[in-house]
S.K.: 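Handing you a structure now.
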Amino acid sequence: FAEFAKLTGSAEAPLVEVAVRWRHRLVHPRSNQRINGNLHDNLLLHRSEYLEGYRHLDPAPLIERFDRGASAPSLKEVAGMVVATHRFIRSVDAAVLETLNYDDYMNGVLRRHFEGMGRQEALARANRIWGRTEDRARLAIINLACQNGLSKAAEGVSNGLKEEAITKIA
């Protein structure tokens, strides 16, 4: 988690960490988790962002409630942590995929798709991908990519499959 938080440098990471700590406290009643040190400082550092982008969520009362031992966050705090988690995941996704070599990734997907099968079975499977029209091959490659963590390219989708990667393979 810490590596992803560093990678994004986002205001969302501290709220996600609070969510994880609160969950830990709920699951482990003897937990003595606190919000201190860097987490405390980062929450307060991003206070204006939380007030503006999280329906006036103020981290100071959140910290105080957590450290006082409140059994659960308020509805506003839960909503803020859920939104932060969603945004954090999108920013991590985007940061990781900026460095992704789509050719290498898709070559690995294809290797795994044909791994461990005999020659006849591999030829039959390859024929189901490339033995028809180019459009059918493209669709098969897109489906394989989607089954292996990518999404169809679309506006606002950070893990979208790049068109040039599909064209090279199809």
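The residues of the chain are indexed from 1 along the displayed sequence.
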S.K.: Would L150 and M106 count as a side-chain contact (heavy atoms from CB on, under 4.5 Å) here? Give the steps.
M.R.: CA-CA 10 Å; L150 297 176; M106 286 306 299; 4.3 Å; yes
S.K.: Verify side-chain contact (heavy atoms from CB on, under 4.5 Å) between Y102 and L97, making sure each step is shown before the conclusion.
M.R.: CA-CA 9 Å; Y102 283 87; L97 290 173; 4.2 Å; yes
S.K.: Is the shortest side-chain heavy-atom distance between I142 and C146 below 4.5 Å?
M.R.: yes
S.K.: Can you list every pair that meets side-chain hydrogen bond (donor to acceptor under 3.5 Å, both in side chains) and has a residue in residues 67-77, with sequence neighbours left out?
M.R.: E64-R68, R65-E77, S74-E77
S.K.: Out of curiosity, K168 NZ to I141 CD1, how far, rounded to the nearest 0.5 Å?
M.R.: 13.5 Å
S.K.: Are any of the side-chain nitrogens in E115 or R111 under 4.0 Å away from the carboxylate oxygens of its partner?
M.R.: no
S.K.: May I ask you to test the R25-N32 pair for a side-chain heavy-atom distance under 4.5 Å?
M.R.: no
S.K.: May I ask you to decide if I89's main-chain N or O and D93's side chain share a donor-acceptor pair within less than 3.5 Å?
M.R.: no
S.K.: Rounded to the nearest 0.5 Å, how far does NE2 of H40 lie from CG of N38?
M.R.: 11.5 Å
S.K.: Within the 4.5 Å heavy-atom criterion, are Y105 and L110 side-chain neighbours or not?
M.R.: no
S.K.: Under 4.5 Å between side-chain heavy atoms, chaining through other members, with only Ile, Leu, Val, Met, Phe, Trp and Tyr counted: pull out the rest of the cluster around V82, sorted by chain and number.
M.R.: V78
S.K.: Quick check on H86: does its NE2 atom have over 12 non-hydrogen neighbours (other residues, nucleotides or ligands) under 6.0 Å away?
M.R.: no
S.K.: Should L45 and L51 be regarded as members of a common hydrophobic cluster, given that ILVMFWY residues are connected when their side-chain heavy atoms come within less than 4.5 Å of each other, either directly or indirectly?
M.R.: no
S.K.: If a pair satisfies side-chain hydrogen bond (donor to acceptor under 3.5 Å, both in side chains) and one of its residues is in residues 122-137, list it, with sequence neighbours excluded.
M.R.: none
S.K.: I need the H24 NE2 to Q33 CD distance, nearest 0.5 Å.
M.R.: 4.5 Å
S.K.: Is there a side-chain contact between V96 and V92 in this structure, where contact means two heavy atoms from C-beta onward sitting under 4.5 Å apart?
M.R.: yes
S.K.: How many angstroms lie between CZ in R23 and NE2 in H28, if you round to the nearest 0.5 Å?
M.R.: 5.5 Å
S.K.: Tell me whether the count of non-hydrogen atoms from other residues, nucleotides or ligands lying under 6.0 Å of NE2 in H56 goes above 12.
M.R.: no
S.K.: Starting from L57 and following side-chain heavy-atom contacts under 4.5 Å between hydrophobic residues (I, L, V, M, F, W, Y), which residues can be reached?
M.R.: L15, V18, W22, L26, I35, L39, L43, L44, Y50, Y54, L62, I63, F66, M81, V83
S.K.: Taking all non-hydrogen atoms of both residues into account, name the closest pair between F114 and A122 and its distance.
M.R.: CE2-O, 3.5 Å
S.K.: For N42, check side chain to side chain donor-acceptor pair (under 3.5 Å) against everything at least two apart and list the hits.
M.R.: none
S.K.: What's in the same ILVMFWY side-chain cluster as L139, cut-off under 4.5 Å, chained through other members?
M.R.: none
S.K.: Please confirm whether the backbone N or O of P61 pairs with a side-chain atom of D58, one donor and one acceptor, at under 3.5 Å?
M.R.: no
S.K.: What's the spacing between L144 CG and I169 CD1 if we round to 0.5 Å?
M.R.: 9.0 Å
S.K.: Is there a side-chain contact between H46 and P59 (heavy atoms, below 4.5 Å)?
M.R.: no
